[in-house]
Protein chains: 2
Amino acid sequence: MRRKTFARMNCSIARALELVGEWWTMLIMREAFLGTRRFRDFQCNLGIARNILSARLKKLVARGVLTREAAPGGGRRLEYRLTEKGRAFFPVLMALMQWGDQWVAGPDRAPVKVVERASGREIAQVAVRGADGRVLQPAEVAMVAGPGAGPAMRARLASRAARPVAVRSRERDAARAGG
Amino acid sequence: MRRKTFARMNCSIARALELVGEWWTMLIMREAFLGTRRFRDFQCNLGIARNILSARLKKLVARGVLTREAAPGGGRRLEYRLTEKGRAFFPVLMALMQWGDQWVAGPDRAPVKVVERASGREIAQVAVRGADGRVLQPAEVAMVAGPGAGPAMRARLASRAARPVAVRSRERDAARAGG
DNA sequence: AACAATGGTTTCATCATGAAACTAATTTCC
DNA sequence: GGAAATTAGTTTCATGATGAAACCATTGTT
């Protein structure tokens with residue numbers, strides 16, 4: 001059967017994943033943030049098949065995440081560059097990288113360190129913050145219906161509004177389970 | 001050919017995606033943060049095929065993102081719950097949701113609003129911040145080799161250390177391109 | 001004109017996905 | 001105690017996505 005689309009779901013995460021959630025796409029975004037612009041370089045740096053890279057780039061351009069422009073220089077050179085929409089994706093990638101650093105690679109084994117260009121100091125952990133800037137844990141927030149919520153989502157959110165993601169202590173050992 | 005694995009890549013984003021980057025997995029995480037714990041509820045809320053859900057949950061448990069425990073109640077009830085590692089994924093999902101709200105759903109069409117439980121005020125934008133708490137744009141940071149960088153990554157980062165993600169003005173129209 | 005570099009598209013074998021059918025463990029109803 | 005129901009899967013099978021290699025097209029160089 002055909003792979004299901006997330007586009008119809010009344011959920012911004014699903015709709016975002018429809019654009020960037022396919023296999024390879026987030027790594028293409030990573031490359032773009034690392035400064036890669038040319039088809040050849042994406043292909044070599046990632047080791048992705050060319051037909052797949054072509055399809056992914058095409059979709060990202062069509063969705064306004066990248067632009068495709070002729071580049072100066074010999075041959076048939078093109079450049080793929082991040083748009084404003086693409087650059088706005090930065091926090092997602094940084095959050096994902098930090099999670100990988102801390103929970104997959106292991107502490108102090110990060111392959112890449114992100115530093116503030118001006119000062120050379122490492123950036124802070126990407127975190128969810130309240131209006132006052134305080135860092136919030138999952139249990140400290142609630143999901144409520146937004147202006148774009150359909151009837152189904154509205155019903156779901158109403159029925160569980162009082163049920164945060166509870167934190168239990170007995171799982172600490174299990175959280176270290178194998179890789 | 002078999003789908004390539006990202007696990008060997010010297011990149012925390014790739015390694016994170018190896019765990020949560022498969023089709024459906026991030027939406028399963030979203031459901032978990034919304035409070036869903038039972039197989040049946042994941043299946044109904046997402047509309048995912050049961051064999052795929054089974055495979056994804058199994059992998060998330062094996063990787064320490066979820067726990068699987070018997071739950072009180074009739075039948076053969078099980079509960080899947082987020083571990084500390086799973087809860088640490090919160091900023092990634094919130095960043096993704098906000099990006100979807102702003103750039104895919106369109107402004108003021110967000111299906112879900114996330115508010116601080118204590119005050120009821122909406123949370124802030126998830127952003128990359130420096131050590132001093134100031135919000136940083138992609139062009140304001142540099143990627144440098146971390147303790148876990150291999151020779152190849154080290155060489156790449158050294159050669160492009162001086163090349164930030166440049167911001168050009170002429171793309172503003174293109175960024176609005178079709179959906 | 002021939003050749004090389006870049007950026008693809010096409011073809012084909014293999015793997016992943018989705019739907020439905022089937023299995024298994026536990027509890028409730030009669 | 002046995003039948004049915006609930007939950008949580010696994011198996012089977014048709015179809016779609018992926019990866020590798022081959023092929024094509026445009027532009028610039030010799």
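Throughout, a chain's letter reflects where its sequence line sits, starting with A, and its residues are numbered from 1.
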Between A/D101 and B/S12, does any side-chain donor sit less than 3.5 Å from a side-chain acceptor?
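Yes, side-chain donor-acceptor contact under 3.5 Å.
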Under 4.0 Å: is that the gap between some side-chain N or O of [X] and OP1 or OP2 of [N]?
X: B/R37; N: D/dA8; value: no
X: A/S54; N: C/dG8; value: no
X: B/W24; N: C/dA16; value: no
X: B/R77; N: D/dG9; value: no
X: B/Y80; N: D/dT7; value: no

Presence of donor-acceptor pair under 3.5 Å, side chain of B/N51 and base of C/dG18
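It does, because a donor-acceptor pair links the side chain of B/N51 to the base of C/dG18 below 3.5 Å.
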Let's test your reading of the model: under 3.5 Å, does the base of D/dG9 pair with the side chain of B/R50 as donor and acceptor?
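Present.
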Report which part of the nucleic acid B/F42 touches: base, sugar-phosphate, or nothing (heavy-atom distance under 4.0 Å, all strands).
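Answer is nothing: B/F42 stays at 4.0 Å or more from every strand.
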List in chain and number order the residues that pass side-chain hydrogen bond (donor to acceptor under 3.5 Å, both in side chains) with B/Q137, two or more places apart in sequence or in another chain; answer none if no residue qualifies.
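B/Q137: no side-chain hydrogen bond (donor to acceptor under 3.5 Å, both in side chains) contacts found.
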Measure from the side-chain N and O atoms of A/T83 to the backbone N and O of A/G64, and report whether any donor-acceptor pair falls under 3.5 Å.
yes
Could you tell me the separation between the [atom1] atom of [X] and the [atom2] atom of [N], rounded to a whole number of Å?
X: B/D41; N: D/dT7; atom1: CG; atom2: P; value: 9 Å
X: B/E22; N: D/dA17; atom1: CD; atom2: P; value: 16 Å
X: A/Q43; N: D/dG19; atom1: CD; atom2: C1'; value: 11 Å
X: B/I52; N: D/dG9; atom1: CD1; atom2: C1'; value: 13 Å
X: B/W23; N: D/dA17; atom1: CH2; atom2: P; value: 10 Å
X: A/L57; N: C/dT9; atom1: CG; atom2: P; value: 10 Å
X: B/R3; N: C/dT14; atom1: CZ; atom2: P; value: 18 Å
X: B/R38; N: C/dT26; atom1: CZ; atom2: C1'; value: 13 Å

Not counting sequence neighbours, list each pair that qualifies as a salt bridge (charged side-chain N to carboxylate O under 4.0 Å, His left out) and has a residue in residues 4-19 of chain B.
none
Counting only side-chain heavy atoms from C-beta out, which of D/dA20, C/dA19, D/dG9 sits nearest to A/A49?
D/dA20
Please identify each residue that fulfils salt bridge (Lys or Arg N to Asp or Glu O under 4.0 Å) with A/K58, with sequence neighbours left out.
none
Roughly how far, to the nearest 0.5 Å, is CD of A/E22 from CZ of A/F6?
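Separation between the atoms: 10.0 Å.
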Keeping to residues at least two apart or across chains, list the side chain to side chain donor-acceptor pair (under 3.5 Å) pairs with something in residues 106-115 of chain A.
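Matches after skipping sequence neighbours: none remain.
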Tell me which of A/I48 and B/F39 sits closer to the 5' end of DNA chain D, going by the nucleotide each one is nearest to.
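The residue whose closest nucleotide sits nearer the 5' end is B/F39.
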Who pairs with A/F90 by ring pair (Phe, Tyr, Trp, His ring centres under 6.0 Å), at least two apart in sequence or on another chain?
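A/F90 satisfies ring pair (Phe, Tyr, Trp, His ring centres under 6.0 Å) with A/F33 once adjacent residues are dropped.
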In terms of the nearest nucleotide of DNA chain C, which residue is placed more toward the 5' end: A/K58 or A/K4?
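Nearest-nucleotide comparison on DNA chain C picks A/K58.
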Describe, as an angle rounded to 10 degrees, how the axis at the first end of the helix from C/dA1-D/dT30 to C/dC30-D/dG1 is tilted relative to the axis at the last end, five pairs per end.
10°
